[in-house]
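First comes the structure, then the notes that go with it.
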Amino acid sequence: MTDSYNRKVRANSLAKFKRQHILAAARRIFDAHGTDGLNMRTIAKEAGYSLGAAYSYFHTKEEIQVELLAGILGDLTRHLRTALQHETGRENPGVRTFSAIASYFRERTEERRLLLQSLPALERKNADIPAAARKELNSRLLTLMGLLANGFHQHTPASAAQAQEETTDFVAYLLGMMMLESGSRLQLLNEDGQEMVDRYSKRMLLRVTQQE
């Protein structure tokens, strides 16, 4: 019983290691060539595995992209929890997280590029994504959105429903802003992404404060 259990633990650990190795290889390819460079054959070659071995751990390149995005969302959530815990001058903690999410992607340009390039591809009807992988990505997204909304609700007069609505609006605003920023359109408009986010955050706070 013990030997069987130990073998199972070792097998699971090895499988986890190999999955992470493949993900790291995919990330290197993306950093060098973008999503156009991602396919199972090149990912397997970069990882040093046969194509068949790579397919043993991931069924499609879309599944790999989902895993990479889930990793970014998990890291971003930890980053925002840290931002909530640290006092920074007189800035409202509920608003601080919205500013922190923008600074996260400003400091991590490759994560921002992966997010913006992968989301449209993964939303296509023919995107081959296992249900479990999609469920995990959605779970991490909901955790992130919940953290933002809960922080805004706790530290401002916003109701829970209003905080959720404001959070959804902000994320849509942020994605649009990042798309413009990545295409150098903000520079053309003489705008700064972080300043835009800070302005939007202050207006959110003003909206819920005025409704008291």
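All figures in this text were calculated on a predicted structure; none of them were measured in a lab. Counting begins at 1 with the first residue of the sequence.
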Starting from the C-alpha separation in whole Å, work towards a yes-or-no answer on side chain to side chain contact (heavy atoms under 4.5 Å, CB included) for Met196 and Leu186. CA-CA 10 Å; Met196 289 178 64; Leu186 288 188; 3.7 Å; yes
Exercise: identify the closest heavy-atom pair between Ala44 and Ser50: CB-O, 3.8 Å
In Å and rounded to the nearest 0.5 Å, what is the CD to OG1 distance from Gln164 to Thr167? 7.5 Å
Any side-chain heavy atom of Asp128 within less than 4.5 Å of one from His59? no
Find the distance between NZ (Lys135) and CG (Asn138) and round it off to the nearest 0.5 Å. 10.0 Å
Side-chain heavy atoms under 4.5 angstrom apart, residues restricted to Ile, Leu, Val, Met, Phe, Trp, Tyr: same cluster for Leu142 and Ile72? no
Relative to the ring of Phe170, is the ring of Phe98 parallel (under 30°), tilted (30 to 60°) or perpendicular (over 60°)? perpendicular
Do Arg27 and Asp31 sit within salt-bridge range, that is, some charged N less than 4.0 Å from a carboxylate O? yes
Go through the side-chain N and O atoms of Tyr104 and Asp75 and say whether any donor and acceptor fall under 3.5 Å apart. yes
Of all residues at least two apart in sequence or in a different chain, which pass the side chain to side chain donor-acceptor pair (under 3.5 Å) check with Asp192? none
Thr143 side chain vs Ser139 backbone, donor-acceptor pair below 3.5 Å: yes
If I compare all heavy atoms of Thr42 with all of Asn39, which pair ends up nearest, and what's the gap? N-OD1, 2.9 Å
Roughly how far, to the nearest 0.5 Å, is CZ of Arg28 from CD of Glu46? 4.5 Å
Got Tyr200 and Met177 here, is their nearest side-chain heavy-atom distance under 4.5 Å? no
Provide the closest heavy-atom pair for Arg41 versus Leu51 in the form atom of the first, atom of the second, distance. NH2-CD2, 3.5 Å
Decide yes or no for Glu136 and Arg140: does some side-chain heavy atom of the first lie under 4.5 Å from some side-chain heavy atom of the second? yes
Just how far is it from atom OG1 of Thr109 to atom CD of Glu107, taken to the nearest 0.5 Å? 10.5 Å
Carefully, step by step, assess Leu114 and Leu68 under the rule side chain to side chain contact (heavy atoms under 4.5 Å, CB included). CA-CA 8 Å; Leu114 178 61; Leu68 291 174; 3.8 Å; yes
So, do Leu141 and Met145 sit near enough that their side-chain heavy atoms are less than 4.5 Å apart? yes
Can you tell me if Arg199 has over 12 outside heavy atoms packed within less than 6.0 Å of its CZ? yes
Given side chains that start at C-beta, do those of Leu174 and Ile101 come closer than 4.5 Å, heavy atoms only? yes
Check: Met179 main-chain N/O paired with Ser182 side-chain donor or acceptor under 3.5 Å: yes
So Phe152 and Val208, do their side chains get closer than 4.5 Å, heavy atoms only? yes
Quick check: closest heavy atoms across Leu147 and Leu80, and the distance to 0.1 Å? CD2-CB, 3.7 Å
Evaluate side chain to side chain contact (heavy atoms under 4.5 Å, CB included) for Met204 paired with Val95, printing each intermediate quantity in order. CA-CA 8 Å; Met204 280 198 308; Val95 172; 5.6 Å; no
What are the two closest non-hydrogen atoms of Ala26 and Ile43, and how far apart are they? CB-CD1, 4.0 Å
Out of curiosity, Leu73 CG to Leu115 CG, how far, rounded to the nearest 0.5 Å? 7.5 Å
Just do the side-chain hydrogen bond (donor to acceptor under 3.5 Å, both in side chains) check on Glu62 and Ser118 with the steps written out, would you? CA-CA 9 Å; Glu62 288 86 2; Ser118 295; over 6 Å; no
Spacing of Glu166 atom CD and Ser201 atom OG [to the nearest 0.5 Å]: 10.0 Å
For Gln187, look at atom CD and say whether over 12 heavy atoms of other residues, nucleotides or ligands are found less than 6.0 Å away. no
Would you mind reporting whether Leu69 and Leu119 have side-chain heavy atoms less than 4.5 Å apart? yes
Any side-chain heavy-atom pair from Thr82 and His79 closer than 4.5 angstrom? no
Which of these passes side-chain contact (heavy atoms from CB on, under 4.5 Å) with Leu144: Thr97, Leu76, Val171? Leu76
For a side chain to side chain contact (heavy atoms under 4.5 Å, CB included) check, start with the C-alpha distance between Phe30 and Gln117, then their side-chain angles and the critical distance, and finish with the verdict. CA-CA 10 Å; Phe30 172 81; Gln117 289 189 16; 3.6 Å; yes
